[in-house]
Asker: 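This is the structure, below, for whatever I ask next.
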Amino acid sequence: MLTKQFLRVIPLLEKIEEHNHEAYFVGGCVRDLILQRPIKDIDITTSATPSEIQQIFPNVIPVGIEHGTVIVRFEKESYEVTTFRTEGDYSDGRHPDHVEFIRNIEQDLERRDFTMNALAMDKEGNIIDLFGGKNDLENRLIRTVGNGRERFNEDALRIIRALRFSSQLGFQIEERTYDAMVASKQAILDISIERITKEMELFFAGDSIKNGINYLVKTKISDVLPIFKDHPGLINELPEEMKPLHTFAEVIAYFQFRFPEISIQQWVKAWKCSNHTKRMADMLCSDIKRYEANGLDEMTIYRLNEEGMKSFIRLVDLIFNVQISLTELHHAKEKLPIQSRSELKINGNHLLSFFPDRKRGSWIKQTLDKIEEAVVTGKVHNQYDEIKEWLKWNPIETN
Ligand SMILES: Nc1ccn([C@@H]2O[C@H](COP(=O)(O)OP(=O)(O)OP(=O)(O)O)[C@@H](O)[C@H]2O)c(=O)n1
């Protein structure tokens with residue numbers, strides 16, 4: 001039952017045990033092993049305290065020592081090792097107010113969110129399942145460990161996590177858990193937006209996004225999410241055939257295209273996205289608009305990098321119901337006269353020598369943009385003399 005990924009971590013568990021402590025695989029990795037889904041990270045839970053772990057292993061990174069979590073570097077891999085603990089509320093929406101290290105695994109599993117995540121496994125592959133997690137996995141049910149209101153009161157992000165899992169796994173949400181989600185949803189307003197964004201990115205990427213959206217609409221949890229709360233139409237008008245979007249940039253580009261009254265800047269600000277997400281969303285949005293106007297033109301293909309291509313394919317599929325393959329895009333890109341601006345036979349210094357009366361300024365970039373587009377779209381060959389000639393007939397910017 002144990003896969004290679006787990007087998008290579010057994011010596012790490014054994015090392016902890018040699019020091020008279022318990023150690024188990026725990027959480028998502030055990031859940032995904034049972035479901036035969038790809039394992040993201042292997043997390044370990046142990047009776048050893050962070051300082052005891054630091055004494056056992058030479059290479060330990062103290063990422064969240066006060067919450068009992070360290071990263072152990074072992075055989076060139078990193079593993080999150082967390083001491084058995086109970087925890088209080090997350091009143092700042094980021095960290096539990098207090099954690100208490102404990103010496104038994106039962107109490108540690110008891111404070112976890114869902115039965116399917118409250119599973120631990122020892123090095124022989126024996127599963128510790130105190131709350132019927134295996135049974136719920138079999139029945140494809142998301143159920144809180146014990147009282148839902150209590151679990152969501154400890155950390156309201158768990159309400160969003162339930163939606164995320166419904167979208168990732170296509171599971172139903174058990175009735176009492178569902179009721180507790182609805183009853184506790186206002187508490188989502190107090191959690192940090194960065195944590196919500198991370199979970200919602202996984203939500204929109206779920207293979208069973210239709211199931212997830214169904215729950216999002218029914219529970220009205222969108223009423224407490226940035227932007228959605230002020231524009232109820234956004235979620236209610238999602239297409240019947242909603243498809244997964246793999247990054248938050250895709251999500252923003254999608255909504256911006258469908259609801260242009262909300263700008264990308266508003267999305268980025270409200271959901272506290274990174275600059276990278278903003279850049280990608282800007283690019284994808286203009287690519288889709290270009291695609292709508294001109295179909296698959298050379299400039300769109302030229303501008304797309306590998307990450308952009310995959311996102312563009314998903315968006316065109318969802319918005320226009322047109323399937324473009326990655327190979328098709330690669331071939332089309334290879335056929336373009338140039339792959340990047342550095343291949344242009346003319347650069348800024350050439351331009352300065354052609355127009356000796358001009359000073360350096362933004363006209364250089366603007367002219368290079370025009371030359372680049374002309375070369376990519378086949379209006380001029382990428383040849384020094386031809387471009388120089390072409391410039392005579394195509395006036396350049398004056399500022
Ligand atoms: N708000 C939270 C977040 C996490 N957990 C517990 O911590 C484990 C690890 O959390 P995380 O790595 O965020 O998610 P996973 O469940 O591992 O899922 P995935 O690997 O798909 O992100 C969870 O399985 C769960 O037992 C919890 O009880 N409450």
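Values below: all heavy atoms of this structure, side chains included; hydrogens, waters and symmetry mates excluded. As the structure lists them, so they are numbered: ligands from 1, and atoms in each ligand from 1.
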Asker: Could you grab the distance from atom CG of Leu315 to atom NZ of Lys310, nearest 0.5 Å is fine?
Answerer: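 Between Leu315 CG and Lys310 NZ, I get 14.5 Å after rounding to 0.5 Å.
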Asker: Indicate whether any N or O donor in one side chain lies under 3.5 Å from an N or O acceptor in the other, for His246 and Glu307.
Answerer: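 Distance-only check fails for His246 and Glu307.
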Asker: Would you call the rings of Tyr178 and Tyr215 parallel, tilted or perpendicular, taking 30° and 60° as the class edges?
Answerer: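 Ring orientation of Tyr178 relative to Tyr215: tilted.
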Asker: Kindly confirm or rule out an N or O of Arg195 lying under 3.5 angstrom from an N or O of ligand 1.
Answerer: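 No; the residue has no nitrogen or oxygen that sits under 3.5 Å from a nitrogen or oxygen of the ligand.
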Asker: For this output row, return yes or no: ring centroids of Phe320 and Tyr291 closer than 6.0 angstrom.
Answerer: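 For Phe320 and Tyr291, the ring centres are under 6.0 Å apart.
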Asker: Could you check whether any heavy atom of Arg31 sits closer than 4.0 Å to an atom of ligand 1, since that is the contact criterion I want to use?
Answerer: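 It does; at least one heavy atom falls under 4.0 Å.
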Asker: Evaluate Asp32 for polar contact with ligand 1, using N/O atom pairs at a separation under 3.5 Å.
Answerer: no
Asker: So for Asp155, does at least one of its heavy atoms come nearer than 4.0 angstrom to any atom of ligand 1?
Answerer: yes
Asker: Would you mind reporting whether Lys198 and Phe248 have side-chain heavy atoms less than 4.5 Å apart?
Answerer: no
Asker: Arg112 versus ligand 1: do any nitrogen or oxygen atoms come within less than 3.5 Å of each other?
Answerer: yes
Asker: Show the atoms of ligand 1 that are less than 4.0 angstrom away from any heavy atom in Gly27.
Answerer: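 Those atoms are 24 (O).
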Asker: May I ask you to check if ligand 1 and Arg111 share an N or O to N or O distance below 3.5 Å?
Answerer: no
Asker: Using every non-hydrogen atom in the two residues, find where Ile53 and Val81 come nearest and quote the distance to one decimal.
Answerer: CD1-CG1, 4.0 Å
Asker: Non-hydrogen atoms of Arg164 versus ligand 1: any pair closer than 4.0 Å?
Answerer: yes
